[in-house]
Amino acid sequence: MTLPDNSVREYAPGILLVDIAKSISHRLAREALAARVDGRLVDLGSSLKGDARVEFLTFDDEEGRQVYRHSTAHVMAQAVQRLFPGTGLAIGPAIADGFYYDFEPKDSFTPEDLVKIEKEMEAIIKANLPFERTELSRPEALAFFKDVGQNYKVELIEDLPPDVPLSCYRQGDFTDLCMGPHVPTTGRLKSVKLMSVAGAYWRGSEKNKMLQRIYGTSFPKKSMLDEHIFRIEEAKRRDHRKLGAELDLFSIQEEGPGFPFFHPKGMIIRNELEQYWREEHKKRGYQEIRTPIILNRLLWEQSGHWEHYRENMYFTTIDEGDYAVKPMNCPGGMLVYKSRLHSYRELPIRLAELGLVHRHELSGVLHGLMRVRCFTQDDAHIFMLPSQVKAEIIRVIDLVDDFYKVFGFSYHVELSTRPEKAMGSQETWELATRELKEALEARGLDYKVNEGDGAFYGPKIDFHLKDSIGRTWQCGTIQLDFQMPEKFDLSYVGEDGQKHRPVMIHRVVFGSIERFMGILTEHYAGAFPTWLAPVQVRVLPITDRHAGYAQKVVDRLGEKGIRVELDSRNEKINYKIREAQAQKIPYMLVVGDKEADQKAVAVRHRAKGDLGAIPLAEFEEQLLEQIREKDVS
RNA sequence: GCCGAUGUGGCUCAGGGGUAGAGCAGCUCACUCGUAAUGAGCAGGUCGUCGGUUCGAAUCCGACCAUCGGCUCCA
């Protein structure tokens, strides 16, 4: 057999993989969970028949982790069967950070049940039961699962192609349909934690019965589990809904579920973002427009939204006419383009719009600013000659790149291609997809392809940014749209004096300002960089005696456009600092006798702590520079 | 929309068939203080909404609303 490092070892035919692992090293024997033999994942208990490339998988390998978690899911199913006999079993795969199993219990699981199940799992792990694989024929498998009354398993088997070999895994008193592989024994599982119960539709379709899904995770070391739990806590600590309330940025009230209210401090961040956005777009040849929120039903019929998007739209009646509240900005943009004749000399025309759209989202999906029923897209529709497409896409990619860098995000790109039910000809799609690819390649960007994930009207490039705790969010997108120019009969007058159809792209950079603010809040854990911070400086006089000088400092900084506050309350300096820190204000200026005498300020930075006293003029200069540069530190 | 959980002063939470409690925040007063909580006092709630059971409901029951965790969908 050949190992990944290309070293070759000889064994008697039929040797078990476990024994090979043992012969290589104790450590490998202890850590190996499964193996890959000639590209196929197998149990360590399987034997080697002839020459093969063998790779042992541990928890450090993605597949190794999946085997580990998947085995844990089986143990959970076994525990559930023991405690709640007769519970239906659906599926139980490994997922990114753990695993789940979908059950059909007689009664819903309670949090207390989870504790019991976890206990039972520990007992199963302690018993160190071997996972035993058996291969069986389709009729045998059907007979077995019918016999034990596991109808979901029967359904799964019936849906499998008839020629695939079926396998089951048994540990102790529990057998489950499974491709495998699994860890050798239940004792290999160490730290297990059940996280939550939730409803989940059988096969993910809301038309099907809702099952009970238990989420859990497992690690080979307690310390790794603790670290995982700590990461979850960290995400909670950064939750923009919690920070949004604490920092008084926004609120969502019962009177408007999914319709956020922006408070003064939230508006400062929002306006800073929009101001930056406007500057950058102006520099890059965009013109800003604003289109109405309510438009006649006929427009939505023309655009196809009436047909394709109606269930997400809000409607109203004006003078007995039917109107809709816009869920997208494009139709409005089309009308602006069409409002007069265009020459090929004008193209590309870049019409940008910070457009407020409303969408009826299901009540159960609303989530702070991340998932709302009205939001502002930083939209733009670019109308071009076919020959301009590639260069224009590169310009948009550059724009997105510049934006994300300012916030300290790294990102990756995905290209989505033609979906099953798409409009337009195969050739147009191929051409468009090629243009997007060429633009990405010209720009030297790596990208992942999502086959069939494009919009029905065209392929798209999506930007997935990565926040400071490693989560990814889809924000920017560039979509080539062949439908709208067609449906709205857009045209420009070409060199030949004839009418031609322009090409259109639709793009956003932030995506939604609301969601982007939510992401920023979590990314920075509420400590916004100075240029965005609602309050940039708070001046803290030590005693009443220093209030006069403190006020002068506030006035002077305020005149320079710095957002500055005075905390003249009759409190100790420690108390004032504590509050300013809690509000994550970038700079606290402590002023007492010394500072007043020397026209200085004692600077405390929220993260760097006490930086000592410097002349006020010097502080002001440094601060303005930092704001101008949009310094993220 | 569906499954499950939750809903008590601005916030965090206790209590629980006999009519509501703490800490923090707020206000007032005293202290005049040098880098993360000075002390004292005061005020603040139709216990999510509506209905039912009961002599009596914040407490038990039901419906609805909202929130949280998921599913599905998505910027």
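The shown structure was predicted, so the numbers you read here are calculated from the model rather than taken from an experiment. Order of the sequence lines sets the chain letters (A, B, ...), proteins ahead of strands, with each chain counted from 1.
- Across all strands shown, B:A30 forms a Watson-Crick or G-U wobble pair, both distances under 3.5 Å, with B:U38.
- Per the geometry, CG belonging to A:L369 stands 13 Å off P belonging to B:U67, to the nearest Å.
- Put simply, A:R241 has a side-chain N or O that comes within less than 4.0 Å of OP1 or OP2 on B:G69.
- Straight-line distance from the OH atom of A:Y201 to the C1' atom of B:G70: 11 Å, rounded to whole Å.
- With the nearest nucleotide of RNA chain B identified for both A:S205 and A:E254, A:E254 has the one nearer the 5' end.
- At a cut-off of 3.5 angstrom, the base of B:C3 holds no donor-acceptor pair with the side chain of A:R213.
- Rounded to an integer number of Å, the gap from NZ of A:K576 to P of B:A36 is 15 Å.
- Nucleic acid contact for A:I573: sugar-phosphate only, since backbone atoms but no base atoms lie under 4.0 Å from a heavy atom of the residue.
- Nucleic acid contact for A:E311: none, since no nucleic acid atom lies under 4.0 Å from a heavy atom of the residue.
- Side-chain contact check for A:E414 and A:S416: no donor-acceptor pair (N or O, by modelled atom type) lies under 3.5 Å.
- Residue A:R545 places no side-chain atom within donor-acceptor reach of the base of B:C33, judged by atom type and a 3.5 Å distance cut-off alone.
- For B:U35, neither phosphate oxygen OP1 nor OP2 lies less than 4.0 angstrom from any side-chain nitrogen or oxygen of A:H605.
- No side-chain donor from either of A:Q81 and A:T87 sits under 3.5 Å from a side-chain acceptor of the other.
- In this structure, B:A66 and B:U6 make a Watson-Crick or G-U wobble pair, each of the two defining distances being under 3.5 angstrom.
- In this model, the phosphate group of B:A25 is approached by a side-chain N or O of A:Y575 to a distance below 4.0 Å at OP1 or OP2.
- Evaluation of atom-type donor-acceptor distances gives no pair under 3.5 Å for the side chain of A:Q212 against the base of B:G70.
- The residue from A:F516, A:W473, A:Y524 that alone fulfils the ring-ring contact (aromatic ring centres under 6.0 Å, His included) condition with A:F407 is A:F516.
- Phosphate contact (OP1/OP2 of B:C71, side-chain N/O of A:Y215, threshold under 4.0 Å): present.
- For B:G69, the OP1/OP2 oxygens have no side-chain nitrogen or oxygen of A:S196 closer than 4.0 Å.
- Aromatic ring centres of A:Y276 and A:F403 lie closer together than 6.0 Å.
- Side chains of A:Y587 and A:Q626: a donor-acceptor N/O pair is present below 3.5 angstrom, by distance only.
- One cannot find a donor-acceptor pair under 3.5 Å joining the base of B:U38 and the side-chain atoms of A:N574.
- The distance from atom CG of A:L211 to atom C1' of B:G4 is 13 Å, rounded to the nearest whole Å.
- We find that CD1 of A:I542 is positioned 14 Å from P of B:U38, with the value rounded to whole Å.
- In this structure, B:C60 forms a base pair with B:G52, meeting either the Watson-Crick or the G-U wobble geometry with both donor-acceptor distances under 3.5 Å.
- No donor-acceptor contact under 3.5 Å links the side chain of A:N312 to the base of B:C73.
- Among the protein residues, A:G592 comes within range of the nucleic acid bases, having at least one heavy atom under 4.0 Å from a base atom.
- For the pair A:R569 and B:C27, the criterion of a side-chain N or O lying under 4.0 Å from OP1 or OP2 is not met.
- The distance from atom CE of A:M313 to atom P of B:A75 is 15 Å, rounded to the nearest whole Å.
- Distance NZ (A:K242) to P (B:G69): 13 Å, rounded to an integer number of Å.
- Across A:H506, A:R350, A:R507, A:E353, a single residue satisfies side chain to side chain donor-acceptor pair (under 3.5 Å) together with A:H381, and that is A:H506.
- Remark: C1' of B:G34 and CG of A:D544 are 15 Å apart, rounded to the nearest angstrom.
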